[in-house]
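Everything on this sheet refers to the single structure shown next.
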Amino acid sequence: MSTFQHIKGTFDILPDAYTIGDTRIAASHEWHHVETVLREVMTRHNLEEIRTPMLEPTELVARGVGEHTDIVSKEMFAFERRGTRYVLRPEITAPVTRAFLEHHLEQRGGVQKLFYIGPCFRAEQPQKGRYRQFHQFGVEIIGASDPRTDAETIATMIAVYQAFGLTGARLRINTLGEPEHRAAFRDALVDYLTPYRDELSETSQRRLDTNPLRILDTKVEHERALLRDAPTLLDHVDAEALAHYDAVKQLLSSLGIAFEEDPMLVRGLDYYSHTAFELEHDALGAQSALAGGGRYDGLAPALGHDGPLPACGFAAGMERLFLALDAIDYDYPAPETPRVFFAALGKEAEAWVFKTVHDLRAQGIHAAHDLKGRSLKAQMREANRQDAPYTVIIGGNELADGSAQVKTMATGEQTAVSFEDLADYLSTPPAA
Ligand code: HAM
């Protein structure tokens, strides 16, 4: 019987980095480092962490993200069990909004500034940078309609990539206005495209009926040419929406954040209004989006909330961040190694080492030993592999003396240390 393999479009995160095809899967300590930097950036932007379940009611995603979006119509991992419909969350904005409403987070006072890091699931065709289980980090700022909220969301997103020294990302922004502006634009777009229906690809023909704005995302060259003369969203938004958009652009400029205005940017989720944006990087290839987001004042009402709830956020793919970091040969800090490795000669020494290693660990010292009962030579090989700066060999003589020779690996120097003083001695690394 053959053993099992991971499910296509998912991957394991291992202690060492490895590759699948030509994609490097970062090591667990590299993930940990990236998450630590992310949390640091989020905290200094005055955001608090929220963790929501990976399982949500299917209806939440269907209503939140939109029935006719690709995510809901084609990409949900959803199932039914005893009359309840569950979905593995494809994104985290609708879940965070659900949690906000369910727990009345507005009662904490002020604006709720939340961030998250966690897995999402979409049944997409896997390729480089596109997975079925991937990881998002993101921000949701709930309770403020001021354009500074939109600019602060974007500034936080940019700060993340700056913290890693990543340059060359392109920010595209647009305004989607209010839902009624979008509806008027949708009608105008359908009127414009309908005479060309037969020239459109099958996907665009379908979208013309279900979700015409998504046609603006087309990569088909003759469709793009057709769209150059199409009505634009900007012609359909009112003065108030334009004023909001102008304010966001001015605020971004005041922070020195460069952006391109893209009147074709609509985003693939239904809940947006006003500001929409995407961050791209050429290092990513076909899946060029590092992150995306926007304002979503209509989401809470769509989920049954009585009255408007202004909100803005972004989400970013962790795997795409790793791809971008690979492109700049990002220098990850080395993983923590044990401070000390104990080798034991004989059963009595093994028992002493076992107890001592656990005593040292209880005192906060990262200590290692061999669990295989191997020869001294093999134990020393293991000590080298684990790269501990100190090694100690314990045999009958050491047990009789109550003292050990602690070897500093970098210099080869040996120091006699009594068993009582071991923890003290090992609590600091050797001088560099
Ligand atoms: P999204 O554009 O669908 O937006 O996803 C955000 C990011 O998640 C993408 O830019 C990409 O980096 C990453 N991503 C999406 N799908 C995959 C995949 N299959 N494999 C790897 N990475 C992927 C949202 O999810 C919105 N919730 C963003 C938002 C937050 N809007 C407001 N607040």
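Heads up: numbering here begins at 1 and tracks the sequence. Everything numeric in this text was worked out from a predicted model, so none of it was measured.
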Looking at [X], I want to see if its [atom1] is surrounded by more than 12 non-hydrogen atoms of other residues, nucleotides or ligands under 6.0 Å.
X      : atom1 : result
Glu35  : CD    : yes
His32  : NE2   : no
Glu348 : CD    : no
Arg51  : CZ    : no

Compute the centroid of each ring, for [X] and then for [Y], and state whether the two points are separated by less than 6.0 Å.
X      : Y      : answer
Phe11  : Tyr131 : yes
Phe354 : His358 : yes
Tyr296 : Tyr272 : no

Can you tell me how far [atom2] of [Y] sits from [atom1] of [X], rounded to the nearest 0.5 angstrom?
X      : Y      : atom1 : atom2 : result
His68  : Lys74  : NE2   : NZ    : 13.5 Å
Leu325 : Arg320 : CG    : CZ    : 14.0 Å
Asp359 : Leu422 : CG    : CG    : 10.5 Å
Leu284 : Asp326 : CG    : CG    : 10.5 Å
Asp424 : Ile365 : CG    : CD1   : 8.5 Å
Ile173 : Asp262 : CD1   : CG    : 10.0 Å

Query raised in the report: Is there a salt bridge (Lys or Arg N to Asp or Glu O under 4.0 Å) between Arg207 and Glu202 once you walk through the steps?
Result: CA-CA 9 Å; Arg207 286 178 170 165; Glu202 216 175 290; over 6 Å; no

Short side-chain to backbone donor-acceptor contact, [X] and [Y], under 3.5 Å:
X      : Y      : result
Thr43  : Arg39  : yes
Gln386 : Phe341 : no
His281 : Ala283 : yes
Arg339 : Ser427 : yes
Asp370 : Glu382 : no
Asp401 : Ser403 : no
Glu240 : Ala243 : no
Arg130 : Glu124 : no
Ser253 : Lys249 : yes
Arg81  : Tyr86  : no

**Report entry** Phe77 and Phe121 aromatic ring geometry - parallel, tilted or perpendicular at 30°/60° bounds
**Finding:** perpendicular

Report task. For the residue pair Tyr332 and Tyr330, categorise the inter-ring angle as parallel (less than 30°), tilted (30 to 60°) or perpendicular (more than 60°). Result -> perpendicular

Assess whether a salt bridge exists between [X] and [Y], defined as any Lys/Arg side-chain N lying under 4.0 Å from an Asp/Glu carboxylate O.
X      : Y      : value
Glu48  : Lys113 : no
Glu59  : Arg85  : yes
Glu152 : Arg148 : no
Arg214 : Asp70  : yes
Asp282 : Arg170 : yes

With a 3.5 Å cut-off and no angle check, do the side chains of [X] and [Y] form a donor-acceptor pair?
X      : Y      : result
Thr408 : Glu413 : no
Glu178 : His274 : yes
Glu223 : Ser201 : yes
Thr93  : Tyr271 : yes
Glu140 : Tyr116 : yes
Thr153 : Asp150 : no

Report task. Step by step, work out the ring pair (Phe, Tyr, Trp, His ring centres under 6.0 Å) result for Phe277 and Phe259. Result -> CA-CA 9 Å; Phe277 53 87; Phe259 56 84; over 10 Å; no

Query raised in the report: Taking C-beta and beyond as the side chain, do Leu234 and Thr175 meet within less than 4.5 Å on heavy atoms?
Result: yes

Query raised in the report: Do Thr156 and Phe115 come within less than 4.5 Å of each other through their side chains, counting heavy atoms only?
Result: no

Query raised in the report: Taking it one step at a time, do Val139 and Ile141 satisfy side chain to side chain contact (heavy atoms under 4.5 Å, CB included)?
Result: CA-CA 7 Å; Val139 160; Ile141 305 182; 3.8 Å; yes

Report summary line: When Gln136, His135, Gln133, Lys128 are each screened for side chain to side chain donor-acceptor pair (under 3.5 Å) with Glu319, the one that passes is His135

Query raised in the report: Under the salt bridge (Lys or Arg N to Asp or Glu O under 4.0 Å) criterion, do Arg172 and Glu260 qualify, and how do the steps go?
Result: CA-CA 5 Å; Arg172 291 185 297 128; Glu260 291 161 33; 5.5 Å; no

Contact summary for [X] and [Y], nearest pair of heavy atoms:
X      : Y      : answer
Ile13  : Ser28  : CG2-CA, 3.6 Å
Thr337 : Pro389 : OG1-CD, 4.2 Å
Glu278 : Gly292 : CG-CA, 4.0 Å
Ala17  : Ala27  : N-CB, 3.4 Å
Ile50  : Ala99  : CD1-CB, 4.1 Å
Leu309 : Phe100 : CD2-CE2, 3.6 Å

Query - Stepwise side chain to side chain contact (heavy atoms under 4.5 Å, CB included) test for Ser273 and Arg182 - result: CA-CA 9 Å; Ser273 56; Arg182 234 167 26 259; 4.1 Å; yes

**Report entry** side-chain hydrogen bond (donor to acceptor under 3.5 Å, both in side chains) involving Arg98 - partner list, sequence neighbours excluded
**Finding:** Glu56, Glu102

Report task. Show your reasoning for whether salt bridge (Lys or Arg N to Asp or Glu O under 4.0 Å) applies to Glu40 and Arg44. Result -> CA-CA 6 Å; Glu40 187 275 317; Arg44 97 176 117 91; 2.9 Å; yes

Report task. For Leu38 and Ile117, run side chain to side chain contact (heavy atoms under 4.5 Å, CB included): C-alpha distance rounded to whole Å, both residues' side-chain angles, the deciding distance at 0.1 Å, then the answer. Result -> CA-CA 9 Å; Leu38 284 174; Ile117 306 177; 4.0 Å; yes

Query raised in the report: Stepwise, does the side chain to side chain contact (heavy atoms under 4.5 Å, CB included) test hold for Asn174 with Thr275?
Result: CA-CA 6 Å; Asn174 191 20; Thr275 317; over 6 Å; no

